[in-house]
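Everything below concerns the one structure shown next.
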Amino acid sequence: MTDHGQPQVTGGSSGIGKCVAIECYKQGAFITLIARNENKLLQTKKEIEKYSVNDKQVVLCISVDVSKDYGHVENVLKQAQEKLGPVDMLVNCAGTSITGKFEDLEMNCFENLMAVNYLGSVYPSHAVIPTMKERRMGRIVFVSSQAGQLGLFGYTAYSPTKFALRGLAEALQMEVKPYNIYITVAYPPDTDTPGFAEESKTKPLETKLISETSSVCQAEQVARIIVKDAIQGNFNSYIGSDGYMLSILTSGMSPVTSITEGLQQMVCMGIFRIVGLFYLGSFDSIVRRCMIQREKSESTDKTE
């Protein structure tokens, strides 16, 4: 990241997005923060400015919903580039989550999540790629989730939107690689953010119990790893040992950054599949136990 370039961060007013912006700012970058809530953006701007490393640095705030009206999103991002110079790195952090059993979720949940989590990454990326191609340089980050690597109970609306980002990233990487543009897909685990706290209020019991089998990460740690992987041009960005295992298990036909990465995938795949099956078995038994308990308490209620 150079003085003349700048990262744009969507969903930049809180959680992982805010921490990514701070991480880039500490490295001397100019930042464009993009989010819906103007008050939160201005608060975050003040917070980020404390970390400046030189007096030229700027934090530009843009209040826009990146999941609605592509024409408007494109214009706004063009204006930002005119003010601060071309985008070196776009980090797509805008996202939200709704949990619940498939049949309990309203149809608009599926539509809203696909708009925010998927189209909210498509629109800004589509807006910045032409300039990146002209300059023959750029980084685009899609923040998926471990729920974008395996589908879990309660995530029927959320998981598909995060899986979709991977498909987009793989196809897009093949298109933009000749132009020296690199795509990174980040798969953070449960991370201590306002969004996670909100989601936890409505989580089904099964989802809670499955989530508790792994620890909750800090947003600062996740942001550091995402920024490092993006700068290095790594396609996969994962956190911790569970993240490493999932990245190998779900590598499929995704691009590798080095021969070493490809070799690790080949060597570890079989062993990790066995470990993964144990995990899946334990998740299935959690779901079964919850179902049996629920049926017992329902039959008790009826007899009383």
Side-chain angles (χ1 to χ4, degrees), residues 1 5 7-11 16-17 19-20 23-24 27 87-95 117-118 120-129 131-133 135-151 159-189 191 217 221-269 272-273 276:
M1 275 173 288
Q8 287 188 344
V9 184
T10 74
I16 294 172
C19 292
V20 163
E23 191 60 33
C24 294
Q27 295 182 27
V87 178
D88 282 344
M89 180 158 95
L90 170 69
V91 187
N92 291 292
C93 283
N117 295 352
Y118 178 66
S121 292
V122 171
Y123 292 173
S125 304
H126 197 277
V128 301
I129 275 193
T131 320
M132 286 184 173
K133 277 186 161 183
R135 296 175 70 224
R136 293 283 199 276
M137 63 179 291
R139 299 279 188 267
I140 295 177
V141 180
F142 296 108
V143 178
S144 179
S145 158
Q146 284 187 354
Q149 292 172 301
L150 78 160
S159 267
T161 65
K162 294 298 191 177
F163 267 82
L165 289 175
R166 152 124 182 216
L168 170 65
E170 286 188 10
L172 187 56
Q173 179 63 91
M174 205 176 274
E175 286 187 23
V176 299
K177 198 177 179 180
Y179 296 91
N180 195 31
I181 300 167
Y182 289 92
I183 310 291
T184 299
V185 192
Y187 298 104
T191 305
C217 274
Q221 180 202 4
V222 172
R224 262 197 307 277
I225 291 168
I226 289 173
V227 171
K228 178 175 73 69
D229 284 327
I231 291 169
Q232 289 174 358
N234 296 335
F235 184 76
N236 279 311
S237 179
Y238 57 82
I239 286 93
S241 52
D242 280 356
Y244 176 65
M245 183 175 84
L246 276 171
S247 84
I248 294 221
L249 277 174
T250 59
S251 54
M253 285 290 285
S254 64
V256 289
T257 312
S258 64
I259 293 168
T260 315
E261 191 187 356
L263 288 172
Q264 284 177 344
Q265 289 167 353
M266 291 190 297
V267 171
C268 300
M269 182 74 82
F272 285 171
R273 179 62 177 153

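Treat the numbers as computed from the prediction; the structure is a model and nothing was measured. For the single chain, residues carry numbers from 1 onward in sequence order.
To the nearest 0.5 Å, atoms CD (Glu175) and NZ (Lys133) are separated by 6.5 Å. Rounded to the nearest 0.5 angstrom, Gln8 CD and Leu90 CG are separated by 6.0 Å. Distance CG/Leu249 to CG/Leu150: 9.5 Å, rounded to 0.5 Å. In this structure, the separation between SG on Cys268 and CD1 on Ile248 is 4.5 Å, given to the nearest 0.5 Å. Rounded to the nearest 0.5 angstrom, Met137 CE and Met132 CE are separated by 8.5 Å. Between Tyr179 atom OH and Arg136 atom CZ the span is 6.0 Å, to the nearest 0.5 Å.
Inter-residue side-chain proximity for Ile226 and Glu23 is flagged as unmet; no heavy-atom pair is nearer than 4.5 Å. For the pair Val91/Met89, a side-chain contact is recorded, criterion being any heavy-atom separation below 4.5 Å from C-beta on. Counting heavy atoms from C-beta on, the side chains of Val143 and Pro188 come closer than 4.5 Å. Between Val176 and Ile183 the shortest side-chain heavy-atom distance falls below 4.5 Å. Residues Val227 and Gln27 form a side-chain contact, since some pair of their non-hydrogen atoms from C-beta on lies under 4.5 Å apart.
For Ser121, the side chain to side chain contact (heavy atoms under 4.5 Å, CB included) partners two or more places apart in sequence, or in a different chain, are Asn92, Phe142, Leu165. Legend: residues meeting side-chain hydrogen bond (donor to acceptor under 3.5 Å, both in side chains) with Asp242, ordered by chain and number and at least two apart, are Tyr279. Here Ser144 pairs with nothing under the side-chain hydrogen bond (donor to acceptor under 3.5 Å, both in side chains) rule; sequence neighbours left out. For Ser258, the side chain to side chain contact (heavy atoms under 4.5 Å, CB included) partners two or more places apart in sequence, or in a different chain, are Thr260, Glu261. Legend: residues meeting side chain to side chain contact (heavy atoms under 4.5 Å, CB included) with Ser254, ordered by chain and number and at least two apart, are Arg166, Glu170, Phe235, Asn236, Ser251. For the ring-ring contact (aromatic ring centres under 6.0 Å, His included) test, no residue two or more places apart in sequence or in another chain qualifies with Phe163. Judged as a side-chain hydrogen bond (donor to acceptor under 3.5 Å, both in side chains), and not counting sequence neighbours, the contacts of Gln232 are Asn234. For Tyr182, the side chain to side chain contact (heavy atoms under 4.5 Å, CB included) test picks out Arg139, Gln173, Lys177, Asn180, with sequence neighbours left out. In terms of the ring-ring contact (aromatic ring centres under 6.0 Å, His included) criterion, residue partners of Tyr244 (sequence neighbours excluded) are, by chain and number, Tyr238, Phe272. For Thr184, there are no side-chain hydrogen bond (donor to acceptor under 3.5 Å, both in side chains) partners two or more places apart in sequence or in a different chain.
The two residues Cys217 and Pro189 make their nearest non-hydrogen contact at SG-CG, 3.6 Å. Between Gly148 and Lys162, the closest heavy-atom pair is CA-CB, 3.7 Å. The two residues Val256 and Gln265 come nearest to each other via the heavy atoms CG1-OE1, 3.5 Å. Closest approach of Thr10 and Ala94 over heavy atoms only: OG1-N, 3.1 Å.
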> Between Val141 and Val20, does a side-chain contact (heavy atoms from CB on, under 4.5 Å) hold up when you go through it step by step?
Replying inline: CA-CA 11 Å; Val141 180; Val20 163; over 6 Å; no
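Residue pairs that meet the ring-ring contact (aromatic ring centres under 6.0 Å, His included) test with at least one member in residues 245-264, sequence neighbours left out, do not exist here. Applying the salt bridge (Lys or Arg N to Asp or Glu O under 4.0 Å) definition to pairs two or more places apart or across chains, none involves residues 224-241.
Within 6.0 Å of CE in Met174 there are 12 or fewer heavy atoms belonging to other residues, nucleotides or ligands.
At distances below 3.5 Å, not a single donor-acceptor pair connects side-chain atoms of Thr161 with backbone N or O atoms of Tyr118.
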